Protein chains: 2
Amino acid sequence: MKLDTSKVSIKTSLASCFGSNFQDLNGSQDFLDELATMAQEITVEANSYLFKESDASNFVYIPISGVIMLERSTARGSRHVFAFLFTGNLIGLSEFSFYTFSAKSVSNSTIVKINKDLIKNVFERHPQIAKRFHEYTNMVLNYILDQLFIMGQKTAHQRLALFLLDMEKRIGHGTKKFFLPMSRQDIADYLGMSLETTSRGFTSLKSKGLISIESNYSITLLDPVALAEFGDN
Amino acid sequence: MKLDTSKVSIKTSLASCFGSNFQDLNGSQDFLDELATMAQEITVEANSYLFKESDASNFVYIPISGVIMLERSTARGSRHVFAFLFTGNLIGLSEFSFYTFSAKSVSNSTIVKINKDLIKNVFERHPQIAKRFHEYTNMVLNYILDQLFIMGQKTAHQRLALFLLDMEKRIGHGTKKFFLPMSRQDIADYLGMSLETTSRGFTSLKSKGLISIESNYSITLLDPVALAEFGDN
DNA sequence: CGAGCCCTTGATGCATTTCAACGAATGTGG
DNA sequence: CCACATTCGTTGAAATGCATCAAGGGCTCG
């Protein structure tokens, strides 16, 4: 029940949710103080669940390290992955009282867990912070719209190319070589295709000279511009 | 520049955005008064644009009658339809200063056009109304997540079945026979498939005895339960 | 070294797109 | 009101993309 809000990792994660000039916002200190006493830092093992579909949505989570995957499973055993979330992303922003998807940790993760009532309280006292939060929601909405567009219009291999570009931006922050934390199956379930098609996609992008595969989880984008062009066509 | 906020059609549209007990909310009268003097009711002809992608997003729109389609077009001429919006839906809730899609009227429409500054102002004065608005955003987000799931996991004919069920709920409000306002091409671009596949989908659902097609735009769901089952599998 | 897991590759079949032609509905000008 | 043009929807045939089934390869861990 004690969170060290002076840690750089926590500060940067919060800044990524609430804007880079978060510290200057009216009420930010009050918010940080509340977090320091009421929020907690938890660790989650790889492959275990943060929460499951239809659990009561009492908490909001912000990953500090590691990767979280949001998923939903169908009546007939198949699975859909909605999103991969990294450091500084925000999980559980829904205003519904139950989660509509599960959150599973892909790797060992460190996560800040915040009581939703605390958040709501802060929002009521500090409209500026609430506003930032809603801007974040809006950004997410736009991100999902883009994803919807990709799902509707692109071939499997194009979706994979665009996925890798997105991961480069979010994991590698522009470094062409980066570590892909999720399995081929996870990617397949995210992009709405079979595991085999994902694998063939990797092979195809490799043989086109667009990427190189050092190991299953280490990828280098050899030609991001051409990769983007391939994805956009 | 004068809006008759006492009209039933306008009241119901607002209620649908801001909740059924909107009138009881703190500040709702103030909001209505502002709308009465500052908002306007406009009419838009079929096939004309309310706004286009990358226009400055200065207004928020609420359809009173008619159908609006949100679309984006690609570099190479293809088009994606994000959503069909009906009476009481809300358009342009983005906090970005430019729209990221175009809004096109499918039929002749009547629309309430509200200046975004007015909205922002009201939200600052009345947090309760702002909150309703954000709940609405959240609902939209969940709706799009469902759509993403459908796009990733379902076959073309299943997507069509689920689309028809959604339209029944939103247009017919549960009346099995209803008027489909959009063309086959619009549906195809919404569901991410070709016009021909859409057409074959209609034929297939008809021959399965799930729907009947009185005319191109008049559809009856003969067996909604079976249709839902077909879509869910 | 062997078991198990994840990934890759090959072969086949089905779903969907594409190309092409036809039919139905709608609108226009004579 | 009819002939014609035009738009929109349906249907067929061929080609393609992707899923599925099945087998093999490579890595990791006991």
Side-chain angles (χ1 to χ4, degrees), chain A residues 46-47 69 74 76-81 106-107 150-164 179-208 211-219 230-231 233, chain B residues 45-47 69 74 76-81 106-108 150-164 179-208 211-219 230-231 233:
Chain A
N47 293 318
M69 183 166 67
T74 67
R76 274 176 31 283
S78 77
R79 181 182 70 143
H80 187 228
V81 173
V106 176
S107 59
I150 289 171
M151 295 297 282
Q153 304 267 322
K154 305 291 182 178
T155 67
H157 292 188
Q158 286 182 310
R159 296 203 293 276
L160 182 61
L162 295 171
F163 171 74
L164 290 176
F179 179 79
L180 251 195
M182 67 291 284
S183 72
R184 300 288 188 266
Q185 183 67 64
D186 292 337
I187 298 172
D189 290 342
Y190 177 64
L191 296 175
M193 58 209 216
S194 71
L195 183 160
E196 293 92 330
T197 301
T198 308
S199 181
R200 284 183 234 274
F202 273 99
T203 307
S204 161
L205 293 177
K206 187 171 86 177
S207 65
K208 282 191 174 75
I211 65 172
S212 78
I213 306 174
E214 286 79 38
S215 78
N216 282 339
Y217 298 99
S218 175
I219 304 292
F230 173 78
N233 265 333
Chain B
E45 273 182 34
N47 292 319
M69 181 167 67
T74 67
R76 274 173 33 281
S78 76
R79 181 181 70 143
H80 187 228
V81 173
V106 175
S107 60
N108 292 341
I150 289 171
M151 296 296 283
Q153 305 269 324
K154 304 291 182 180
T155 68
H157 292 187
Q158 285 181 311
R159 296 204 293 275
L160 182 61
L162 295 170
F163 171 75
L164 290 176
F179 179 79
L180 250 195
M182 67 291 285
S183 71
R184 299 289 188 265
Q185 183 67 65
D186 292 338
I187 298 172
D189 290 342
Y190 176 64
L191 297 175
M193 58 208 216
S194 71
L195 183 158
E196 293 93 330
T197 302
T198 308
S199 182
R200 283 182 234 273
F202 274 98
T203 308
S204 161
L205 293 177
K206 186 172 85 178
S207 65
K208 283 191 173 75
I211 65 172
S212 79
I213 306 174
E214 287 78 38
S215 78
N216 282 338
Y217 299 100
S218 176
I219 304 292
F230 172 78
N233 266 332

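These numbers were taken from a predicted model, which means no experiment stands behind them. Throughout, protein chains are lettered first and strands after them, A, B, ... in sequence-line order, and every chain is numbered starting at 1.
In this structure, A/Ile187 atom CD1 and D/dC18 atom P are separated by 16 Å, rounded to whole Å. For the pair B/Gln153 CD and C/dA15 P, the computed distance is 17 Å after rounding to whole Å. Between the P atom of D/dC8 and the CZ atom of B/Phe202 lies a distance of 15 Å, rounded to the nearest Å. Taking atom CG of residue B/Asn47 and atom P of nucleotide D/dT7, one finds them 12 Å apart after rounding to whole Å. Nucleotide C/dT16 holds its P atom 14 Å from the CD atom of B/Glu196, rounded to whole Å. To the nearest angstrom, P of D/dG17 lies 16 Å from CG of A/Leu160. Atoms CD1 (B/Ile213) and C1' (D/dT11) sit 13 Å apart, rounded to a whole Å. Per the geometry, NE2 belonging to B/His157 stands 15 Å off P belonging to C/dC14, to the nearest Å.
Among the atoms of the strands shown, only primed sugar atoms or phosphate atoms (P, OP1, OP2) are found under 4.0 Å from some heavy atom of A/Ser183. Among the heavy atoms of the strands lying under 4.0 Å from A/Ser194 is at least one base atom, whether or not backbone atoms are also near.
Closest contact between the side chain of B/Thr155 and the listed nucleotides C/dT16, C/dT18, D/dA19 involves C/dT16. Taking the side chain of A/Arg200 as heavy atoms from C-beta on, and the options C/dA11, C/dT16, D/dG9, the nearest nucleotide is C/dA11. For A/Ser199, whose side chain is taken as the heavy atoms from C-beta onward, the closest listed nucleotide among C/dT8, D/dG9, C/dT18 is C/dT8.
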Requested in this report: Show your reasoning for whether side-chain hydrogen bond (donor to acceptor under 3.5 Å, both in side chains) applies to A/Gln153 and B/Ser78.
Outcome: CA-CA 8 Å; A/Gln153 304 267 322; B/Ser78 76; 3.0 Å; yes
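Partner of B/Met182 under the side chain to side chain contact (heavy atoms under 4.5 Å, CB included) criterion, chosen from B/Ile187, B/Val81, B/Asp189: B/Ile187.
Side-chain atoms of B/Ser218 and B/Ser215 form no donor-acceptor pair, as typed in the model, at a separation below 3.5 Å.
Judged by closest nucleotide on DNA chain D, A/Lys154 is the one of A/Asn216 and A/Lys154 placed further toward the 5' end.
Between A/Thr197 and the phosphate of D/dA19, there is a side-chain N or O to OP1/OP2 separation shorter than 4.0 Å. For A/Tyr217, a side-chain nitrogen or oxygen approaches OP1 or OP2 of C/dC7 to under 4.0 Å. For the OP1/OP2 pair of C/dT9 and a distance below 4.0 Å, the side-chain nitrogens and oxygens of A/Thr203 include at least one atom meeting the criterion.
The local environment of CD in B/Glu45 is sparse, with at most 12 non-hydrogen atoms from other residues, nucleotides or ligands closer than 6.0 Å.
Within the 4.5 Å cutoff, the side chain of A/Leu180 has heavy atoms near those of the A/Phe202 side chain.
No hydrogens or angles were tested; on distance alone, nothing pairs the side chain of A/Gln185 with the base of C/dC7 as donor and acceptor under 3.5 Å.
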